[in-house]
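Only one structure is covered here, and it is reproduced in the block below.
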Amino acid sequence: MRRLLITGAGGGLGRAMRKRLASMAETLRLSDIVDLGEAAPNEEIVTCDLGDAEAVHRLVEGCDAILHLGGISVEDKFSKILNANLLGLYNLYEAARAHGKPRILFASSNHTVGFYRQDEHLDVTDPMKPDGLYGVSKCFGEALARMYFEKFEQETAIVRIGSCMEKPTNYRMLSTWMSYDDFTDLIGCVFRAPMLGCPVIWGVSDNNSRWWDNSAASFLGWRPKDNAERFRAELEATVPRPDPDAPIAKYQGGQFTQDPIFSEN
């Protein structure tokens, strides 16, 4: 493709994808509200607050595809979540509608279903059970993506990311982990697919103890190769096992189920 937009390029996942996706497009347009450093020869850097509709329209113009990683990624004050995850996402979809409807990969979250127990196995037809305001914002995002598809034929891959990082750091992540390589492969499958629609995809590697059934997205041809099991011995040697009744051992959303509603004061 000619130009791939990556929002949230200054976050942990955005930084990890920046080099890995360099060959996917002639130009990477990288956006965040934080310093992104110097642009590489095939990069464009644009500072943009997703809550600024005019800025988002300029950001999306000329892009062939959008990897939307931007927004608040943890539980926080509602005002912050509102600006970045609700208003910001609406601005992004309106900008996409105005500029040719480039295909979008929307980084949703496992926290849309965080109040399911860890002994429950889910597919994409199971009702949402968000574990906090952050999870609710991702439920909103999934609904918004579906509406724009049904009303305007805006294609979106809704990816419910588990724990995408270099390696799992706790026992819960033996089920939720997605490797950087597997996410990179998924992004390629999403943007190469002849027809996409608006599927919900569980963003998880081929872990032995995963909780989520991805068969509904098999048409994409994505076959994750990594498995968190190779880190089990390291975890068992370095990380104490949590109490079985602790949120991190009981619920799919882990500690997010116990986070408070943060005061605006």
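Leu144 is not connected to Ile161 by any chain of hydrophobic side-chain contacts under 4.5 Å among Ile, Leu, Val, Met, Phe, Trp and Tyr, and they are in different clusters. Both Ile201 and Met17 are assigned to one and the same hydrophobic cluster, defined by single-linkage of ILVMFWY side chains at heavy-atom distances under 4.5 Å. Following chains of ILVMFWY side-chain contacts shorter than 4.5 Å, one can reach Tyr90 starting from Ile158, so the two form part of one hydrophobic cluster. In the hydrophobic cluster analysis, where Ile, Leu, Val, Met, Phe, Trp and Tyr join through side-chain heavy atoms closer than 4.5 angstrom, Met165 is grouped together with Leu69. Linking Ile, Leu, Val, Met, Phe, Trp and Tyr whenever their side-chain heavy atoms come within less than 4.5 Å puts Met178 and Val190 in one cluster.
Proximity of the aromatic rings of Trp211 and Tyr116 is defined here by a centroid distance below 6.0 angstrom, and this criterion is not met.
When all heavy atoms of Pro260 and Glu75 are compared, the pair lying nearest together is O-CG, 4.1 Å. In terms of heavy-atom proximity, Ser108 sits nearest to Lys138 at OG-CB, 3.7 Å. The two residues Trp212 and Thr176 make their nearest non-hydrogen contact at CH2-CG2, 3.8 Å. Minimum interatomic distance between Glu43 and Arg18 (heavy atoms only, all atoms of both residues): OE1-NH2, 2.7 Å. Here the closest non-hydrogen pair linking Ala84 and Leu50 is O-CD1, 4.0 Å. What you find for Asn208 and Asn227 is that their closest heavy atoms are OD1-ND2, 2.7 Å.
Look at Arg58 and Glu61 and you find no salt bridge, because none of the NZ, NE, NH1 or NH2 atoms lies under 4.0 Å from a carboxylate O. Arg103 and Glu155 are joined by a salt bridge, as a carboxylate oxygen and a charged side-chain nitrogen come within less than 4.0 angstrom of each other.
Side-chain N or O atoms of Ser137 include none that pairs as donor or acceptor with a backbone N or O of Leu86 at under 3.5 Å. Under a 3.5 Å cut-off, the side chain of Asn42 and the backbone N or O of Thr27 do not form any donor-acceptor pair. The backbone N or O of Ile81 sits nowhere less than 3.5 Å from a side-chain atom of Asp76 that would complete a donor-acceptor pair. Side-chain N or O atoms of Arg210 include none that pairs as donor or acceptor with a backbone N or O of Ser205 at under 3.5 Å. Between the side chain of Arg172 and the backbone N or O of Ile248, no donor-acceptor pair lies under 3.5 Å. For the pair Asp131 (side chain) and Phe256 (backbone), a donor-acceptor distance under 3.5 Å is absent. In terms of modelled atom types and a separation under 3.5 Å, the side chain of Arg160 and the main chain of Ser109 share no donor-acceptor contact. Looking at Lys167, its side chain never comes within 3.5 Å of a backbone N or O of Phe231 through a donor-acceptor pair.
Using cut-offs of 30° and 60° on the angle between ring planes, the pair Tyr93 and Tyr148 is tilted. The aromatic rings of Phe106 and His68 lie parallel to each other, their planes meeting at an angle below 30°, with 60° marking the opposite boundary. Taking the six-membered ring for Trp and thresholds of 30 and 60 degrees, His99 and His57 have ring planes more than 60 degrees apart, a perpendicular arrangement.
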- Message: The test is side chain to side chain contact (heavy atoms under 4.5 Å, CB included); show your working for Asp259 and Tyr134 and say whether it passes.
- Response: CA-CA 10 Å; Asp259 283 340; Tyr134 167 70; over 6 Å; no
- Task: Apply the test side chain to side chain contact (heavy atoms under 4.5 Å, CB included) to residues Asp182 and Lys225: give CA-CA distance (whole Å), side-chain angles for both, the deciding distance (0.1 Å), then the verdict.
- Result: CA-CA 7 Å; Asp182 281 339; Lys225 300 178 180 64; 4.0 Å; yes
- Stepwise side chain to side chain contact (heavy atoms under 4.5 Å, CB included) test for Gln252 and Leu122: CA-CA 11 Å; Gln252 295 191 12; Leu122 310 180; 3.5 Å; yes
- Item | Working for side chain to side chain contact (heavy atoms under 4.5 Å, CB included), residues Asp64 and Leu4 | CA-CA 6 Å; Asp64 303 298; Leu4 169 64; over 6 Å; no
- Task: Take Glu44 and Arg29 through the salt bridge (Lys or Arg N to Asp or Glu O under 4.0 Å) test and state the conclusion after the steps.
- Result: CA-CA 5 Å; Glu44 300 171 343; Arg29 180 173 288 176; 2.8 Å; yes
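Annotation: side chain of Cys48 is in contact with side chain of Val56 (closest heavy-atom distance under 4.5 Å). Annotation: side chain of Leu133 is in contact with side chain of Ile261 (closest heavy-atom distance under 4.5 Å). Contact check for Leu196 versus Leu220: side-chain heavy atoms found under the 4.5 Å cut-off.
The side-chain tip of Arg241 points at the ring of Tyr171 from less than 6.0 angstrom away and within 45° of straight on.
Residue Glu153 places its CD atom among 12 or fewer non-hydrogen atoms of other residues, nucleotides or ligands, all under 6.0 Å distant. The 12-atom threshold is not exceeded at CD of Glu54, counting heavy atoms of other residues, nucleotides or ligands nearer than 6.0 Å. Within a 6.0 Å sphere centred on CD of Glu150, heavy atoms belonging to other residues, nucleotides or ligands number more than 12. Counting non-hydrogen atoms of neighbouring residues, nucleotides and ligands closer than 6.0 angstrom, the CZ atom of Phe140 exceeds 12 such neighbours. Surrounding CD1 of Ile33 are at most 12 heavy atoms belonging to other residues, nucleotides or ligands under 6.0 Å away.
Atom CG of Leu105 and atom CD1 of Ile187 lie 6.0 Å apart (nearest 0.5 Å). Interatomic distance, CZ of Phe262 versus NZ of Lys77, reported as 10.0 Å (0.5 Å rounding). Here the CG atom belonging to Leu59 is positioned 11.0 Å from the CG atom belonging to Asp49, to the nearest 0.5 angstrom. Distance check: Leu13 CG to Cys164 SG gives 4.5 Å after rounding to the nearest 0.5 Å. Put simply, CZ on Arg97 and CG on Leu92 are 13.0 Å apart, with the number rounded to the nearest 0.5 Å. Rounding to the nearest 0.5 angstrom, the gap separating the CG atom in Leu186 from the CZ atom in Phe191 is 9.5 Å.
If you check the side chains of Ser215 and Asp213, you find a donor sitting under 3.5 Å from an acceptor. Counting only N and O atoms by type, the side chains of Asp52 and Asn91 include no donor and acceptor under 3.5 Å apart.
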